[in-house]
Every structure is written in C-alpha cells, then in structure tokens.
Amino acid sequence: MHKKKRFLNRFTHHPRFTYLIAVVITILLGLASRKYSQLLPLFIAENAGDTIWAEMVYFGFRFLFVGKSRLTAIILSFLFSYTIEFSQLYQAVWVNQIRGTVLGSLILGKGFLVVDLFRYTVGIITAALVDRVCLNCLHVRRDRHL
C-alpha cells in the first residue's frame with residue numbers, strides 16, 4: 001500500500017499531470033463559454049472561445065514538452081494557432097467537410113478572421129502568465145514536500 005501511495009504522489013505531483021489538468025479545465029471552460037454564451041457579457045461571449053482555445057493549445061504544448069522552456073511552448077503555440085487560422089483561407093471541399101463536423105470545427109475553425117489572431121495572442125500570453133505565476137508555484141510547493 002505504501003508503494004501505491006508513493007506512486008500516486010509522484011504521478012499527481014509531476015508537472016505533466018498539472019498541465020493535463022490545465023488542458024482539461026480549459027477545454028471545459030471553452031465548451032462552457034460557447035454553450036452558455038448568452039449568459040456572458042457580449043464582449044466576453046464573442047472573444048472567450050478563441051482565447052480559451054489558444055490557452056488550451058499552450059497548456060497542451062507544456063504537457064507534451066514538459067522539459068522544455070516556457071518560451072518554447074509560447075512559440076509553438078503561436079505557430080500552431082496562427083497556422084490553423086491561416087489554413088482557413090484554404091476552402092477546398094474535403095477540408096470544409098471536416099470543418100463541418102463538431103470536432104473539425106472546434107479544431108480547424110470555419111473562416112479566417114484577423115481578430116482571431118489577437119484572441120490567440122491574448123490567450124497564449126494569459127496562459128503563459130498563469131503558468132508562470134500559478135502553476136509554477138504549485139511545482140515549487142510540491143517539490144518541497146517530496
């Protein structure tokens with residue numbers, strides 16, 4: 001039993017686990033921002049989805065490349081998000097069929113909007129700040145207890 005507890009502590013105290021939780025939370029927040037948009041102030045309802053999507057992308061890269069720097073995750077997040085947005089200028093039948101599905105729409109979007117680039121920028125910077133301030137504090141505190 002003691003070995004099991006030690007394994008669970010190592011697993012749940014690992015930075016990768018923290019980023020996995022951050023990804024799940026941002027996905028839930030993003031879906032909620034779309035489902036309950038009528039309950040939000042107009043500005044937030046119009047901008048939250050793409051901003052939160054970019055935050056999820058950032059936390060996803062932190063999860064995948066946990067040993068790399070925060071700057072690496074920021075750069076990869078910008079490259080990925082901007083590439084997805086610019087790919088929306090391509091309107092072939094096959095890719096539009098993918099975009100016509102729920103998952104395809106959530107990942108690939110539907111049409112290019114310059115304002116989305118600003119939303120992604122805000123989301124990535126916000127996620128990096130949350131990472132630096134909040135998540136980093138969790139790792140430092142957890143490391144002291146191990």
Side-chain angles (χ1 to χ4, degrees), residues 4 7-143 145-146:
K4 185 177 180 181
F7 170 77
L8 287 174
N9 279 342
R10 282 189 180 161
F11 178 72
T12 58
H13 288 76
H14 194 279
R16 192 175 303 261
F17 179 76
T18 305
Y19 292 118
L20 176 63
I21 296 300
V23 167
V24 170
I25 289 171
T26 54
I27 287 171
L28 293 173
L29 287 173
L31 293 172
S33 75
R34 293 192 189 267
K35 182 170 179 144
Y36 302 108
S37 62
Q38 72 280 1
L39 302 175
L40 299 170
L42 184 60
F43 179 80
I44 293 173
E46 289 178 346
N47 296 293
D50 291 321
T51 303
I52 294 170
W53 181 86
E55 291 171 350
M56 185 270 310
V57 168
Y58 172 84
F59 290 129
F61 279 120
R62 288 297 276 167
F63 172 82
L64 292 173
F65 304 109
V66 73
K68 299 291 183 184
S69 72
R70 193 175 294 111
L71 181 60
T72 299
I74 291 169
I75 291 169
L76 290 172
S77 298
F78 275 114
L79 287 172
F80 181 81
S81 300
Y82 280 37
T83 299
I84 292 291
E85 190 62 29
F86 282 108
S87 78
Q88 293 171 23
L89 293 170
Y90 181 68
Q91 295 291 318
V93 172
W94 69 270
V95 77
N96 285 338
Q97 289 175 335
I98 295 171
R99 289 181 181 128
T101 66
V102 173
L103 188 58
S105 174
L106 289 171
I107 296 170
L108 300 176
K110 292 200 181 240
F112 177 82
L113 294 172
V114 172
V115 71
D116 284 349
L117 300 174
F118 293 107
R119 293 170 179 152
Y120 299 156
T121 300
V122 170
I124 293 165
I125 291 170
T126 301
L129 290 172
V130 167
D131 184 14
R132 182 170 186 217
V133 173
C134 298
L135 300 182
N136 230 14
C137 291
L138 288 174
H139 301 303
V140 170
R141 286 188 186 143
R142 286 178 178 170
D143 289 344
H145 295 293
L146 293 178

Side chain to side chain, [X] and [Y], heavy atoms closer than 4.5 Å:
X: Leu64; Y: Tyr19; result: no
X: Tyr58; Y: Thr126; result: no
X: Phe61; Y: Thr72; result: no
X: Val114; Y: Phe112; result: yes

(request) Could you list the residues that satisfy ring-ring contact (aromatic ring centres under 6.0 Å, His included) with Phe65, not counting sequence neighbours? (result) none
(message) Tell me whether Arg62 contacts the main-chain N or O of Lys68 through its side chain, where contact means a donor paired with an acceptor under 3.5 Å.
(response) yes
(request) Please confirm whether the backbone N or O of Val102 pairs with a side-chain atom of Ser105, one donor and one acceptor, at under 3.5 Å? (result)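 No, the answer is negative, given that no donor and acceptor are paired below the 3.5 Å cut-off.
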Spacing of [atom1] belonging to [X] relative to [atom2] belonging to [Y], to within rounding of 0.5 Å:
X: Glu85; Y: Asp50; atom1: CD; atom2: CG; value: 7.0 Å
X: Ile107; Y: Ile84; atom1: CD1; atom2: CD1; value: 8.0 Å
X: Ile44; Y: Ser37; atom1: CD1; atom2: OG; value: 12.0 Å
X: Arg34; Y: Ile52; atom1: CZ; atom2: CD1; value: 9.0 Å
X: Ile74; Y: Ser69; atom1: CD1; atom2: OG; value: 8.0 Å
X: Asn47; Y: Leu42; atom1: CG; atom2: CG; value: 8.5 Å

(message) More than 12 heavy atoms of other residues, nucleotides or ligands under 6.0 Å from CZ of Phe118: yes or no?
(response)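 Atom CZ in Phe118 is not crowded, with 12 or fewer foreign heavy atoms closer than 6.0 Å.
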(request) May I have the step-by-step check of side-chain contact (heavy atoms from CB on, under 4.5 Å) for Thr18 and Phe59, ending in yes or no? (result) CA-CA 9 Å; Thr18 305; Phe59 290 129; over 6 Å; no
Determine the minimum heavy-atom distance between [X] and [Y], stating which atoms define it.
X: Ile98; Y: Thr101; answer: O-OG1, 2.7 Å
X: Ser81; Y: Ile124; answer: OG-CD1, 4.0 Å
X: Val66; Y: Pro15; answer: CG2-CB, 3.5 Å
X: Lys110; Y: Gln91; answer: O-NE2, 3.6 Å

(message) Taking the ring centre of each residue, are Phe78 and Tyr120 less than 6.0 Å apart?
(response) no
(message) Which residues pass the salt bridge (charged side-chain N to carboxylate O under 4.0 Å, His left out) test with Arg99, not counting sequence neighbours?
(response) none
(request) Have a look at Ile25 and tell me which of Leu28, Ile21, Ile27 forms a side-chain contact (heavy atoms from CB on, under 4.5 Å) with it. (result)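 Among the candidates, only Ile21 passes.
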